[in-house]
Amino acid sequence: MLCTRCRHRAASTPEGFCTNCAAEGATAPAPPGDAAGAPQPAAPAFPKPDAPGFAQSDGPGFAPPGALPTAPPLGAAPLYAPGGQPSWLRSPVGLGKATAALLGLVVAADVFAVVADFNMYDVSGALADGELGAGMQRKADRADALYAAAGVAQVAALIATMIVFLVWFYRVRVNAEVFAPDRQSKSRGWAIGGWFVPVVNLWFPRRIALDIWDASGPDALWDGDLAVAPRPSHARVNAWWMVWIVSLLADRVASTAYRKAETAPEIHEAAGQMLFSDVVDMVAAALAILFVLRLTRMQDEKARRGPASVEV
């Protein structure tokens, strides 16, 4: 039985005290309502969905800020991650939906930009062919205004989406640390900084995303040396990241070409490059929506399942 005073160590004296409490001359009675020597129930590794103290808005299995971290499916989670940072599960569902909605706004801004690009491409082509006059000048002015408005819409949508996406990405990174702390190859700070450091931003975010993806998938149940549940496929992450990198490079090339263009033929060619860039960016945003929704659902389902059983 447990010590009737500290309730932590095994009792070793007739009075029901452990060795330490007996050495200190402890004579405190058992806490009110507890029978001396009554066994204390062990705390469950994963809270029940309706456990008191859990934020209902976050869904079952997710602890509110400040709560102790819940256990990952295949063992007890550490209270502190490497580096001394606390880890606890928090629902990514709300942030995931907001991120997906803003990515949809990016797609809409890209559609607007594609229309503006095509209009600019058409008007600049006509000017390059020698069409002049007051009517053509008005078309050119409208094309410039539409192109500028599309650029503003794209920048506004990108900034808003970037802020919410980074908050969501950091949250799923911390959740992954609770699920599988040994699978994270980069510290959690890189979940933010990795997007802004030159050169490494070409592969660090993808590596972090893959670590989160693997940790958030179903846990493998082992039967001897055979893994019953395979690692989740990386196809969705890799497709999104590949198109995203292509869109960055295409945008850089097209923006440089348009900035340097002075003649109608040069503007015509730059508009065509920008048209391609915006179409690729639209595809990248659509793939990002699929990535965000799938990863959010994976983490939500894993938290709701609780600890997995292990068969040996």
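All figures in this text were calculated on a predicted structure; none of them were measured in a lab.
Contact detail for Met120 and Ala271: the closest heavy-atom pair is CG-CB, 3.9 Å. Across Pro205 and Phe169, no two heavy atoms sit closer than the pair O-CZ, 3.9 Å. Of all heavy-atom pairs between Met298 and Trp213, the closest is CE-O, 3.4 Å. Minimum interatomic distance between Ala140 and Leu127 (heavy atoms only, all atoms of both residues): CB-CD1, 4.3 Å. The shortest heavy-atom contact between Ser185 and Asp211 is OG-OD2, 2.5 Å. For Pro92 against Val172, the heavy-atom pair with the smallest separation is CB-CG1, 3.7 Å.
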With a cut-off of 3.5 Å and sequence neighbours excluded, list every side-chain donor-acceptor pair involving residues 101-113.
{"from": "Asp110", "atom 1": "OD1", "to": "Gln154", "atom 2": "NE2", "distance (Å)": "2.8"}
{"from": "Asp110", "atom 1": "OD2", "to": "Met282", "atom 2": "N", "distance (Å)": "3.3"}

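In this structure, Asp214 and His234 have side chains that are in contact, with non-hydrogen atoms separated by less than 4.5 Å. Annotation: side chain of Ile267 is in contact with side chain of Tyr258 (closest heavy-atom distance under 4.5 Å). Between Phe179 and Leu89, the closest side-chain pair of non-hydrogen atoms falls below 4.5 Å. In this structure, the side chains of Val123 and Asn119 come closer than 4.5 Å at one or more pairs of heavy atoms.
A donor-acceptor pair is defined here as one N or O able to donate and one able to accept, closer than 3.5 Å; no such pair exists between the side chain of Ser247 and the backbone of Asp281. In this structure a side-chain-to-backbone donor-acceptor pair under 3.5 Å is present from Arg171 to Ser91. Counting only distance, with no hydrogens or angles, the side chain of Glu266 and the backbone of Glu262 share a donor-acceptor pair below 3.5 Å.
Linking Ile, Leu, Val, Met, Phe, Trp and Tyr whenever their side-chain heavy atoms come within less than 4.5 Å puts Ile245 and Phe196 in one cluster. There is a path of hydrophobic side-chain contacts, each under 4.5 Å, that joins Val200 to Leu249. If you chain together hydrophobic residues whose side chains sit under 4.5 Å apart, Val280 and Met274 never meet in one group. Under the 4.5 Å side-chain heavy-atom criterion for grouping Ile, Leu, Val, Met, Phe, Trp and Tyr, Phe165 is not connected to Leu158 through any hydrophobic cluster. In the hydrophobic cluster analysis, where Ile, Leu, Val, Met, Phe, Trp and Tyr join through side-chain heavy atoms closer than 4.5 angstrom, Leu202 is grouped together with Leu210.
By the 6.0 Å contact criterion, NZ on Lys186 is enclosed, its count of non-hydrogen atoms from other residues, nucleotides or ligands being greater than 12. When the shell of 6.0 Å around CH2 of Trp168 is examined, it contains more than 12 heavy atoms from other residues, nucleotides or ligands. Dense packing is recorded around OH of Tyr147, with more than 12 heavy atoms of other residues, nucleotides or ligands lying under 6.0 Å away. Residue Arg252 places its CZ atom among 12 or fewer non-hydrogen atoms of other residues, nucleotides or ligands, all under 6.0 Å distant. Residue Gln273 qualifies as enclosed at atom CD: its count of foreign heavy atoms under 6.0 Å is above 12.
Glu177 has a carboxylate O that lies under 4.0 Å from a charged side-chain N of Arg188, or vice versa, which qualifies the two as a salt bridge.
To the nearest 0.5 Å, atom NZ of residue Lys139 and atom CG of residue Leu146 are 14.0 Å apart. In this structure, Thr161 OG1 and Leu166 CG are separated by 10.5 Å, a value rounded to the nearest 0.5 Å. Taking OG from Ser124 and CG from Asp129, the interatomic distance works out to 9.5 Å, rounded to the nearest 0.5 Å. Within the model, atoms CZ of Phe291 and OG1 of Thr296 stand 8.5 Å from one another, a figure rounded to the nearest 0.5 Å.
Using modelled atom types, one finds a donor on one side chain and an acceptor on the other under 3.5 Å when comparing Gln299 with Asn175. A donor atom on one side chain and an acceptor atom on the other are found under 3.5 Å apart for Asn238 and Arg206.
The aromatic rings of Trp195 and Trp241 stand perpendicular to each other, their planes meeting at an angle above 60°, with 30° marking the opposite boundary. Using bins of under 30°, 30° to 60° and over 60° for the plane-to-plane angle, the ring pair Phe204/Trp190 lands in the perpendicular bin.
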